[in-house]
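Chain A is the first sequence line, chain B the second, and so forth, proteins listed ahead of strands; every chain is numbered from 1. Worth knowing before you read on, the calculation uses all heavy atoms, side chains too, and leaves out hydrogens, waters and symmetry mates. The shown structure was predicted, so the numbers you read here are calculated from the model rather than taken from an experiment.
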Number of protein chains: 2
Amino acid sequence: MSHQSIAYHPEHNHSHCIEQALAQARELCKARKQRLTAIRELVLRLIWQSHQPLGAYDLLPALAEAGFNSAPPTVYRALDFLQTQGLVHRIASLNAFVGCPSPEHAHDGCFLICENCRTVVELDAGSIINQVQTEAQALGFAVRQQTIEISGLCPNCQNPGQSSDS
Amino acid sequence: MSHQSIAYHPEHNHSHCIEQALAQARELCKARKQRLTAIRELVLRLIWQSHQPLGAYDLLPALAEAGFNSAPPTVYRALDFLQTQGLVHRIASLNAFVGCPSPEHAHDGCFLICENCRTVVELDAGSIINQVQTEAQALGFAVRQQTIEISGLCPNCQNPGQSSDS
DNA sequence: AAAGCTGGTGTTATAGTATAACCATTAATG
DNA sequence: CATTAATGGTTATACTATAACACCAGCTTT
């Protein structure tokens with residue numbers, strides 16, 4: 001992972017970020033013989049507009065503008081598909097959705113959520129997940145899914161007088 | 001923590017569990033000069049009826065039976081109070097609430113959620129939280145709150161043909 | 001080509017979760 | 001007792017998510 005790929009980094013190139021995500025999504029769906037339809041690709045593109053998670057209802061106006069119907073089931077279906085393919089994650093504590101930077105292997109994310117600028121970064125959570133596994137196993141609990149969402153302040157928002165993204 | 005205090009344990013004595021939770025709540029509120037009113041105590045008692053989290057709307061009928069009004073704001077106010085006092089936790093992935101076994105010190109819980117019997121156990125999560133802190137600090141992120149919710153199967157529900165609590 | 005199947009989408013309605021806003025009442029304080 | 005703060009009642013509404021059924025396009029099977 002390069003420094004630029006981290007959303008906090010001043011040199012983060014988001015247009016590269018989003019185009020790469022879309023290209024990878026197209027590749028993955030092709031390889032898996034899944035259909036990345038126009039609606040699904042649009043929803044994915046909208047979610048990748050930023051590293052701030054979007055709610056399902058935030059997506060509806062843009063779908064309407066693009067000429068699709070804009071009833072909730074449409075966007076939830078697209079989101080279900082994208083989640084199943086690992087292309088987006090749902091953030092339970094926000095009821096919102098964010099693009100996944102590594103959709104090629106199925107995994108639960110571990111997220112850092114900035115309370116000021118709302119930017120979300122997905123951690124490589126190997127050691128945390130191992131720790132959870134260890135503690136769960138000590139109680140005989142079989143882990144199937146992990147929801148790990150950390151709220152706080154990102155490096156950029158810890159300096160007072162800094163511009164906010166809200 | 002004794003073995004019996006773990007909800008999975010065959011000798012878990014829940015009537016002891018709930019009475020202790022209520023007694024501790026009364027003590028804590030008294031010490032903090034906070035008012036554990038009838039509604040608040042009833043909501044706490046209802047939540048402690050089991051180790052399965054309850055949704056806010058699950059509580060309304062019981063409030064009505066007890067002669068209180070049963071509109072949503074009533075129960076959400078009680079839940080807000082109980083959360084502020086550390087007496088209950090909200091499980092974001094379930095939109096539900098569970099009693100906290102150690103309300104005397106403020107903390108975020110780390111929960112094991114059984115997908116079969118829906119029993120939730122709160123871990124002593126020191127080492128997990130440390131691990132999270134370490135990873136967050138490496139990115140310059142200042143942690144304020146942690147949401148850690150693990151879904152899977154509890155020991156009792158991993159044996160097929162076993163009775164379910166649903 | 002006709003019939004039948006599948007997956008994706010359109011559409012309407014409704015379920016489920018949470019809060020805003022305003023008013024009445026009760027409890028704590030001086 | 002008067003004042004103030006905290007609590008609760010009430011109505012309405014916002015926000016999040018899904019059920020259920022209809023339609024259609026593309027495909028397979030005959």
Counting only N and O atoms by type, is there a donor-acceptor contact under 3.5 Å from the side chain of [X] to the main-chain atoms of [Y]?
X	Y	result
A:N116	A:C157	no
A:R40	A:F81	no
A:R77	A:P72	no
B:T84	B:D80	yes
A:E149	A:S93	yes
A:Q137	A:A142	no

Distance-only side-chain donor-acceptor flag, B:R90 / B:Q83, under 3.5 Å: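 Looking only at side-chain atoms, B:Q83 and B:R90 do not form any donor-acceptor pair under 3.5 Å.
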
Validation row: B:T147, A:I150 side chains within 4.5 angstrom (heavy atoms):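 Counting from C-beta outward, B:T147 and A:I150 never come under 4.5 Å.
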
Side chain proximity check, B:L42 to B:F68, heavy atoms < 4.5 angstrom: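 They are in side-chain contact.
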
Nearest-0.5 Å distance that lies between atom CG in B:L28 and atom NZ in B:K30: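 Between atom CG of B:L28 and atom NZ of B:K30 there are 12.5 Å.
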
Residues touching DNA chain C, which here means a heavy atom under 4.0 Å, drawn from residues 30-42 of chain B: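 Residues of residues 30-42 of chain B that come under 4.0 Å of DNA chain C are, in numerical order, B:R35.
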
Close approaches to DNA chain C from residues 74-93 of chain B, in residue order (heavy atom, under 4.0 Å):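 Only B:Y76, B:R77, B:R90 qualify.
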
Parallel, tilted or perpendicular: ring planes of A:H51 versus A:W48, cut at 30 and 60 degrees: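 The rings of A:H51 and A:W48 stand perpendicular, inter-plane angle above 60°.
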
Closest approach of A:P155 to A:Y8 (non-hydrogen atoms, all atoms of both residues):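 Nearest heavy atoms, A:P155 then A:Y8: CD-CD1, 3.5 Å.
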
Distance below 4.0 Å between A:N95 side-chain N/O and D:dA17 OP1 or OP2: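 Answer is yes, contact under 4.0 Å.
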
Salt-bridge present (B:E19, B:R45; N to O < 4.0 Å):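 Salt bridge present between B:E19 and B:R45.
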
DNA chain D contacts made by residues 56-65 of chain A, counting heavy atoms under 4.0 Å: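 Those residues are A:Y57.
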
Nearest-angstrom distance from the residue atom CG of A:L54 to P of D:dT16: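 Atom CG in A:L54 sits about 11 Å away from atom P in D:dT16.
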
Side chain to side chain donor-acceptor pair (under 3.5 Å) contacts in which one or both residues fall within residues 96-110 of chain A, not counting sequence neighbours: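 Applying side chain to side chain donor-acceptor pair (under 3.5 Å) to every pair that reaches into residues 96-110 of chain A, excluding sequence neighbours, yields A:Q24-A:E104, A:H89-A:H107, A:H107-A:E122.
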
Over 12 non-hydrogen atoms of neighbours within 6.0 angstrom of NE2 in B:H14: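 Buried by this count: over 12 neighbours within 6.0 Å.
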
Comparing B:P73 and A:N69 on DNA chain C - which has the more 5′ nearest nucleotide: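 That would be A:N69.
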
Start and end of chain B contact along DNA chain C [non-hydrogen atoms, under 4.0 Å]: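 Both ends considered, the range comes out as C:dT17 to C:dA27.
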
Bending between helix ends of the helix from C:dA1-D:dT30 to C:dG30-D:dC1 [5 pairs per end, 10° resolution]: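 End-to-end axis angle for the helix from C:dA1-D:dT30 to C:dG30-D:dC1: 30°, rounded to 10°.
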
